[in-house]
Amino acid sequence: MSIERTLSILKPDATARNITGKINAIFEENGLRIIAQRRVFLTRAEAERFYIIHKDRPFYTDLCTFMSSGPVVVQALESENAIAKNRTIMGATNPREAAAGTIRALFGLSIDQNTVHGSDSAETAAQEIAFFFRETEIVG
Ligand code: IDP
Ligand code: MG
């Protein structure tokens with residue numbers, strides 16, 4: 001294990017319900033430090049670029065529509081083993097399949113409106129953090 005950084009996004013369903021603080025409290029209670037954070041309204045083109053890896057999936061259009069439908073909070077989180085730790089805390093993609101107590105089980109509304117994004121590997125974490133933050137905006 002080593003200190004890692006991962007990209008997190010609090011999705012439009014989280015900002016709409018004013019629960020970003022509740023979610024951040026869960027990260028902090030679990031030892032994830034929020035070392036960069038910004039609230040942004042993604043353009044459709046930005047959402048399409050961020051999720052380009054999914055461009056051939058049937059849900060790509062709906063995903064990009066949703067992610068550009070309201071404000072999001074983009075964050076870099078840091079801890080030991082942060083990438084896998086955040087995926088565990090988030091829960092499964094489909095909130096109905098997410099383990100009890102996970103963010104998606106607690107707050108997710110549907111497989112589309114599942115409240116949080118988290119990087120899934122060291123490679124994507126580095127790419128996704130660089131998508132939103134300059135090095136000077138990250139204060140560990
Ligand atoms: P993840 O967010 O758990 O990593 P991914 O497979 O990377 O899941 O998918 C990205 C996002 O696309 C998901 O968070 C979810 O919002 C949406 N998504 C994934 N699979 C489906 C699906 O089968 N139907 C509708 N939306 C989906
Ligand atoms: Mg993913």
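Counting convention: from 1, in listed order, for ligands and their atoms alike. Just so you know, these numbers come straight off a predicted model, no measurement behind them.
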What protein heavy atom lies closest to [atom]? Include the residue and the distance to one decimal.
atom	answer
atom 27 (C) of ligand 1	F59 CG, 3.5 Å
atom 4 (O) of ligand 1	R87 NH1, 2.8 Å
atom 11 (C) of ligand 1	L63 CD1, 3.8 Å
atom 24 (N) of ligand 1	I111 CG2, 3.7 Å
atom 8 (O) of ligand 1	T93 OG1, 3.3 Å
atom 6 (O) of ligand 1	H54 CE1, 4.0 Å

Looking only at distances, please establish whether an N/O atom of ligand 1 is found under 3.5 Å from an N/O atom of R104.
yes

Any N or O on H117 sitting closer than 3.5 Å to an N or O of ligand 1?
no

Residue pair I35 / F133, side-chain heavy-atom distance below 4.5 Å
no

Decide yes or no for I9 and M67: does some side-chain heavy atom of the first lie under 4.5 Å from some side-chain heavy atom of the second?
yes

Between F131 and F50 (judged by ring centroids, cut-off 6.0 Å), do the two rings come close enough to count as a pair?
yes

So is D120 close enough to ligand 1, meaning a heavy atom under 4.0 angstrom away?
no

Of all the heavy atoms in M90, does at least one lie under 4.0 Å from an atom in ligand 1?
no

Please tell me whether R39 and T15 have a donor and an acceptor in their side chains that are separated by less than 3.5 angstrom.
no

Strictly by modelled atom types, are N86 and T6 linked by a side-chain donor-acceptor pair under 3.5 Å?
no

Side-chain (R104) to main-chain (A98) donor-acceptor, under 3.5 angstrom
no

Sort out for me which residue in K11, Q75, E128 forms a side-chain hydrogen bond (donor to acceptor under 3.5 Å, both in side chains) with H117.
E128

Which of the atoms in ligand 1, numbered in the order shown and given with their element, are less than 4.0 Å from a heavy-atom of N114?
13 (C), 14 (O), 15 (C), 16 (O)

Between E78 and R33, is the closest basic N to carboxylate O distance under 4.0 Å?
no

